[in-house]
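Residue numbering restarts at 1 for every chain, and letters A, B, ... go by the order of the sequence lines.
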Amino acid sequence: MKELPKSYDFQEVEEKWYRFWEEKGYFRPRLDPRRPKFSVVIPPPNVTGSLHIGHALNNTIQDILVRYKRMDGYDTLWVPGTDHAGIATQNVVERELAKEGKTRHDLGREAFLERVWEWKERFGNRIIQQLKRLGASCDWSRLRFTMDEGLSRAVREVFVRLWEEGLIYRGDYIINWCPRCHTALADIEVEHRPTPGKLWYIRYPLVEGQGEVVVATTRPETMLGDTAVAVHPEDERYRDLIGRKVRLPLIGREIPVIADPAVDPEFGTGAVKVTPAHDFADFEMAERHGLPRVKIMDEDGKMTPEAGPYAGLDRFEARSRVVADLEAQGFLVKTEDYEVMLGHCYRCDCVVEPLLSKQWFVRMKPLAQPATAAVEYGFIRLVPENWNNLYFDWMHRIRDWCISRQIWWGHRIPAWTCEDCGKTSVAREDLEVCPECGSKRIRQEEDVLDTWFSSALWPFSTLGWPEKTEDLRTFYPTSVLVTSFDILFFWVARMIMMGLHFMGNIPFRTVYIHALVRDEKGQKMSKSRGNVIDPVVMIEKYGADALRFTLAALAAQGRDIKLSESRIEGYKHFVNKIWNAIRFVLLNLQDFRPRELPLEELPLVSRWILSRLSYTVERVRDRLEAYEFDQAALAIYHFFWHEFCDWYIEAAKLYLRGEEARKATQEVLLRVAEASLRLLHPFMPFVTEELWQALPHEGESIMLAPYPRAEEFPRDPEAEEKMSFLMEIIVALRNIRADYNLHPTREIPAVVLSEKKAWRDLLEAEAPLVKLLARLSELEVREAGRPEAAASVVLSEAEVFVPLSGLVDIAQELSRLYKEKEKTERELSRVETRLNNPQFLAKAPAEVVEKEKARARELQEKLQRIQENIHRFEALKS
RNA sequence: GGGCGGAUAGCUCAGUGGGAGAGCAUCGGCCUUACAAGCCGGGGGUCAGAGGUUCGAAUCCUCUUCCGCCCA
């Protein structure tokens, strides 16, 4: 039997076992048709990314599930991969180019893409290496990337089919435009934030006759593109104006006053300007009224020739010029401070511009309907389920998805336009000639697809679709998706839609939505705040096991995680505790020979620990199945530390001294230790493997050993009850020791009184154990007869005394007794009030009444014993 | 403005109709040969406030206050 070093060197151990697991191919599925399947696809991190604490949580949870199921006999597959993150990655490489004084346009499309691929090959692997440090048991032989050949084929297949089904269309619509990233964004890629702004009131004179309309706007520069003024149809103030014309200040265009119910009469003056090319609501209003769209701002955020004298100006400069001119010409009525909700690009944070533009869209309604039903009818379960409402609400209000992006890095849209016949054709294979007229003068669409378009296919594209692969047949649908709520709509909803549409089946049965990791003050972690906790640094400082266990222990459902480094440090102590407990076991296993466990002959404390283990195993499994990782982690923590270490190991020291008892105790120590490691393995893969390998064991690796079952260990309620009693006695004795400041190593005599014969017999039988754990020189058990001059503690079914002639402080004893008396009386009076209430006796369930009565008896007896002790000490005092 | 969630020990949180709990922190005593990253023991709470339902409310209902998130 090998001896363990005194302290745990996680650095070396983590590296060693990860390499071992990977080389042995344990992460790959066994493809054994008799085994049930468990599959997970990783939420692909951005290829530009590095592991942040959110990834650490996300992947720890997945790994806990995958390792648990793998040990529990499932054929498991966890597919890893990365996402090409179009805008983000392009931004990174463009920044790099900028340092060389170049833009992507200097290189041209092809050279630029080569440059991005180069970058990806060099740096794109970083997050994969970091996931390995965390211990993630992904099947790396199936590593995927959204721009892989196979996945790209899936993207094309999906695009072509959706086009053929009429679910993809192209057209001029208003979209969100990021002038910095120079691309369209989907609605949900825009973050709306309240920003201090102003409300300008502008006079629009009537064309005929006297009078004017005053409109309020937060964006005066867009007035150059106004094609109407709108009022609410029932607004009495403006009833006469509807149908008349006003003249647009500064450029003099005549525009109509229209009535539309979308106008909020409470906003500003109740009259609003309508700019169809630069505002979502106005765009829709223009559709309803057939208004023209005048585009006064271009894709760079500069004013177009339509803006007349302002052409060429930047959007912010144009605003101040327009305001100044309005004021100078007397059109500005007033200005108020006003908080506006401004859209910001989720990639670069600059202010997004609503813009009229030709883009590609996916019709969402026909796809959303079955995706909603899948959750509604329980084919897909969201955990925790309070996300259901949000999901339904979003699906209900879903709008068409703008999928084209004006960047280069991504899947180029497979559409070709013929310069001769003008037709657009969409095709699976690249086109050389126009299928309509045979012309060779065709040009491929410049735009690429939204990255989320390819992510939406992830659960089946990674398994080989559109090929009919073995993996697809075996592992689709996947078992569970682990993700955070912030991409529920970006990603999860779209995977459900695409999965249902193209596979005819849900992509996963359960979606576990975990919390966001925040700092200890509850703030979002961000580089600018400087409050980020870097998981890689934490792994280096405290070990991957400590980090993983901390995240699991804090992962309560429906609550954000407030993480601080000290929590991780705290759980490192737990790792150390495990190490030392197993070290103790090993030190005492030097002469160990395995044998059958004679259950009937086991000492009480051994039967107790096996029973507690059985209960803990059941609890851990149950909480894992419920995705309550915190509860599962805490159950193990409590069992291992406070039951196995604090009580069993201490008790075992007694039995290890014997002959026969030693052998049985070795067996129990080993079984409990070994099973605890297996139970812990999904949470702490590294230290458990290291220790399991050091213990006598069967098999090559703990990660392939069976997950513990509650039935492996006998339940023994009687042993649990007896142990509870003994523990109560021992704690009482330790209590007296602490109160009297008796040195922990000093052995003291004790007397225990109990009227119950069963308890007296138990105490006699277990006297050696009680003496060891309470450090007693002798233990006397009596039915009656209190010793003189003794410190005492009154329990409900026993009294504990430490006779200490000369040492007992009567005043202290009395104060303890009076305090206890007060507490007991308070409790008793509460119980009695209840029992004296006829309503309670009549209406409460019989077992509750019975329980209360028993409790009253117990308290009365205890009170009486306290009273007797008080009398005794009072007598001694005088 | 609409929706969702939260308020329980100093901190982080569990408890969802019948004796207020855990971890960490704190205080006191200990180097008791697995572990001082440890052991033993203690203190600490009108369960945000008000009202209601009930024999009984931290728990269910209503309102109020405060905090967070999502949407408009």
Side-chain angles (χ1 to χ4, degrees), chain A residues 3-4 6-8 187-188 191-192 264 266 280-281 341 384 386-390 392-394 397 485-486 488-489 515-516 518 520-524 542 546 550 553-554 556-564 566-567 569-588 628 630-631 633-635 637-638 641-642 645-646 649-650 652-653 669 673 730-747 772-775 826-828 830-831 833-845 847-849 851-852 854-856 858-859:
Chain A
E3 203 172 305
L4 290 177
K6 252 195 121 153
S7 68
Y8 172 47
D187 296 340
I188 54 175
E191 287 172 12
H192 295 276
D264 175 10
E266 305 288 313
F280 283 89
M341 289 300 282
N386 46 328
W387 292 105
N388 283 359
N389 281 342
L390 201 62
F392 293 139
D393 186 48
W394 191 77
R397 290 181 305 131
F485 78 90
D486 51 348
L488 196 56
F489 307 128
L516 244 47
R518 298 172 174 279
E520 55 206 309
K521 294 188 210 87
Q523 291 186 307
K524 249 183 172 166
Y542 306 107
T550 307
L554 296 180
Q557 279 182 18
R559 224 183 242 267
D560 283 347
I561 294 178
K562 290 185 194 167
L563 184 72
S564 68
S566 62
R567 304 299 292 255
E569 194 184 355
Y571 282 113
K572 188 187 171 223
H573 297 174
F574 182 43
V575 177
N576 183 252
K577 188 75 182 175
I578 296 162
W579 179 266
N580 279 291
I582 303 301
R583 189 160 168 270
F584 172 85
V585 172
L586 273 169
L587 286 172
N588 286 285
E628 291 181 17
D630 57 324
Q631 297 300 313
L634 295 176
Y637 181 93
H638 182 261
W641 198 317
H642 298 301
C645 292
D646 288 354
I649 286 187
E650 291 308 317
K653 287 173 182 172
L669 272 172
I730 292 162
V731 168
L733 287 162
R734 287 170 174 172
N735 229 309
I736 293 172
R737 179 188 292 278
D739 280 358
Y740 277 92
N741 241 320
L742 301 173
H743 197 275
T745 50
R746 176 173 164 188
E747 297 204 326
L772 174 76
L773 297 181
R775 295 247 163 199
R826 231 181 303 134
E827 269 183 76
L828 183 60
R830 218 174 0 188
V831 175
T833 313
R834 205 170 295 171
L835 285 169
N836 289 335
N837 182 348
Q839 299 271 31
F840 173 72
L841 297 174
K843 295 192 179 174
E847 71 260 26
V848 173
V849 176
K851 210 174 139 195
E852 290 297 312
R855 178 149 176 71
E858 209 175 88
L859 288 168

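Note that the CG atom of A/L828 and the OG1 atom of A/T833 stand 9.0 Å from one another [nearest 0.5 Å]. Here CG of A/N588 is found 9.0 Å from CD1 of A/I649. Values are rounded to the nearest 0.5 Å. Distance check: A/T550 OG1 to A/R567 CZ gives 8.0 Å after rounding to the nearest 0.5 Å.
Close to B/G41, at under 4.0 Å from its OP1 or OP2, lies a side-chain N or O of A/R734. Side-chain nitrogen and oxygen atoms of A/H573 include none within less than 4.0 Å of the OP1 or OP2 phosphate oxygen of B/C39. A sub-4.0 Å separation between OP1 or OP2 of B/C4 and a side-chain N or O of A/W394 is absent. When the side-chain nitrogen and oxygen atoms of A/H642 are compared with OP1 and OP2 of B/G23, one or more of them lie within a distance under 4.0 Å.
Judged by distance alone, the side chain of A/R737 and the main-chain N or O of A/R746 form a donor-acceptor pair under 3.5 Å.
Comparing A/I649 and A/D739 by the nucleotide of RNA chain B whose heavy atom lies nearest to each, the residue mapping closer to the 5' end is A/I649. A residue-by-residue look at A/R567 and A/I730 shows that A/R567 has its nearest nucleotide of RNA chain B further toward the 5' end.
Nearest to the side chain of A/L587, among B/C55, B/U32, B/A34, sits B/A34. Nearest to the side-chain atoms of A/K843 among the listed nucleotides B/C55, B/A34, B/C40 stands B/C55. Taking the side chain of A/P845 as heavy atoms from C-beta on, and the options B/C39, B/C40, B/G18, the nearest nucleotide is B/G18. Distances from the side chain of A/Q839 to the nucleotides B/A34, B/G18, B/C55 place B/C55 closest. The A/K653 side chain lies nearest to B/A34 when the options are B/A34, B/A72, B/G18. Checking B/A34, B/G18, B/G41 against the side-chain heavy atoms of A/F840 singles out B/G18 as nearest. Side-chain proximity of A/N576 to the nucleotides B/C30, B/C55, B/A37 is greatest for B/A37. Nearest to the side-chain atoms of A/F485 among the listed nucleotides B/C69, B/A34, B/C71 stands B/C69. Checking B/A20, B/A72, B/C40 against the side-chain heavy atoms of A/R397 singles out B/A72 as nearest. Distance from the side chain of A/N580 is smallest to B/C35 among B/G38, B/C35, B/G29.
Comparing the C1' positions of B/G23 and B/G15 gives an interatomic distance of 15 Å, to the nearest angstrom. On the C1' atoms, B/G49 is 16 Å away from B/A57, given to the nearest whole Å. Nucleotides B/U46 and B/C40 have their P atoms positioned 29 Å apart, rounded to a whole Å. Spacing between B/A37 and B/C31 at atom P, rounded to whole Å, works out to 15 Å. Here the separation of B/G18 from B/C69, taken at their C1' atoms, is 36 Å to the nearest Å. If you take atom C1' in B/A58 and the same atom in B/G17, they sit 11 Å apart, rounded to whole Å. Taking the P atom of each, B/U65 and B/A22 are spaced 35 Å apart, rounded to whole Å. To the nearest whole angstrom, the two C1' atoms, one in B/A9 and one in B/G1, are 38 Å apart.
Using a 4.0 Å heavy-atom criterion, one finds that A/Y637 contacts the sugar-phosphate atoms exclusively. Within the 4.0 angstrom heavy-atom criterion, no nucleotide atom of any strand lies near A/V585. Residue-level contact check: A/E650 touches the bases, meaning some heavy atom is under 4.0 Å from a base atom. Heavy atoms of A/H638 sit nowhere under 4.0 angstrom from any nucleic acid atom.
Base pairing of B/G1 is made with B/C71, judged by Watson-Crick or G-U wobble geometry with both donor-acceptor distances under 3.5 Å. Partner assigned to B/G17 is none, using Watson-Crick or G-U wobble distances below 3.5 angstrom. Nucleotide B/U62 forms a pair with B/A50, judged by Watson-Crick or G-U wobble geometry with both contacts under 3.5 Å. In this structure, B/G44 makes no Watson-Crick or G-U wobble pair, since no nucleotide meets both defining distances under 3.5 angstrom. Across all strands shown, B/G38 pairs with B/C30; the Watson-Crick or G-U wobble distances both stay below 3.5 Å.
Atom pair A/K572:NZ and B/G23:C1' shows a separation of 19 Å (rounding to whole Å applied). Between the P atom of B/G41 and the CZ atom of A/R775 lies a distance of 14 Å, rounded to the nearest Å. Atom CG in A/N389 sits roughly 12 Å away from atom P in B/G3 (whole-Å rounding). Between the P atom of B/G29 and the CZ atom of A/R746 lies a distance of 17 Å, rounded to the nearest Å. For the pair A/I736 CD1 and B/G42 P, the interatomic distance rounds to 12 Å; values are reported in whole Å. Rounding to whole angstrom units, CZ of residue A/R737 and P of B/C39 are separated by 17 Å. Atom CG of A/L742 is separated from atom C1' of B/C40 by 12 Å (rounded to the nearest Å). The nearest whole Å value for the distance from the CZ atom in A/F489 to the P atom in B/G3 is 17 Å.
Proximity of A/F489 to A/L390: side-chain heavy atoms (C-beta onward) are separated by under 4.5 Å at one or more points. Here the side chains of A/R734 and A/L773 are in contact, with some heavy-atom distance below 4.5 Å.
Residues A/Y571 and A/Y637 place their aromatic rings such that the two centres sit under 6.0 Å apart.
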Worksheet item: Step by step, would you call A/Y542 with A/V575 a side chain to side chain contact (heavy atoms under 4.5 Å, CB included)?
Response: CA-CA 10 Å; A/Y542 306 107; A/V575 177; over 6 Å; no

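Within 3.5 Å, no donor on the side chain of A/Q631 pairs with an acceptor on the base of B/A22, nor the reverse.
For the ring-ring contact (aromatic ring centres under 6.0 Å, His included) with A/W579, the lone residue among A/Y8, A/F574, A/F584 that qualifies is A/Y8.
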